[in-house]
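Reviewing the structure listed below.
All figures in this text were calculated on a predicted structure; none of them were measured in a lab.
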Amino acid sequence: MALDVEKYLSHLDGYDMTHQQKVDFINALQQFAQMFVDAAWDFDPTNPTHVCIQKCAEELKDERSPQNSDST
């Protein structure tokens with residue numbers, strides 16, 4: 001699915017960036033988000049990026065578990 005970059009350009013109006021820099025930034029964010037989606041739906045244990053994302057997700061899950069809560 002193609003990303004409609006023009007739809008998001010207004011979110012960067014307050015930044016000192018050229019039009020092309022804004023387009024590049026939005027495309028980079030979309031690629032970054034797509035990487036996480038791909039990793040979640042098509043995990044490849046031989047891909048270091050997927051392994052890193054999985055490890056980070058597990059660490060976050062452990063940090064948020066009730067066992068690690070200081071509410072006692």
Note to self: Are Leu29 and Tyr15 connected into the same hydrophobic cluster when the rule is that any two of I, L, V, M, F, W, Y join if their side-chain heavy atoms are below 4.5 Å apart?
What the structure shows: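 Yes, because Tyr15 and Leu29 connect within a single hydrophobic cluster, where side-chain heavy atoms sit under 4.5 Å apart.
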
Next item on the list: Kindly determine whether Asn27 and Gln31 satisfy side-chain hydrogen bond (donor to acceptor under 3.5 Å, both in side chains), including the steps that lead there.
Entry: CA-CA 6 Å; Asn27 283 322; Gln31 290 173 353; over 6 Å; no

Rounded to the nearest 0.5 Å, what separation is found between the [atom1] atom of [X] and the [atom2] atom of [Y]?
{"X": "His19", "Y": "Asp24", "atom1": "NE2", "atom2": "CG", "result": "9.5 Å"}
{"X": "Lys7", "Y": "Ile26", "atom1": "NZ", "atom2": "CD1", "result": "11.5 Å"}
{"X": "Gln21", "Y": "Leu12", "atom1": "CD", "atom2": "CG", "result": "10.5 Å"}

Margin query: Quick check: do Val23 and Leu9 have side-chain heavy atoms less than 4.5 Å from each other?
Written below: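 Contact flag for Val23/Leu9 side chains = yes.
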
Next item on the list: State, with a plain yes or no, whether a side-chain heavy atom of Lys22 is found less than 4.5 Å away from one of Val5.
Entry: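 Contact flag for Lys22/Val5 side chains = no.
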
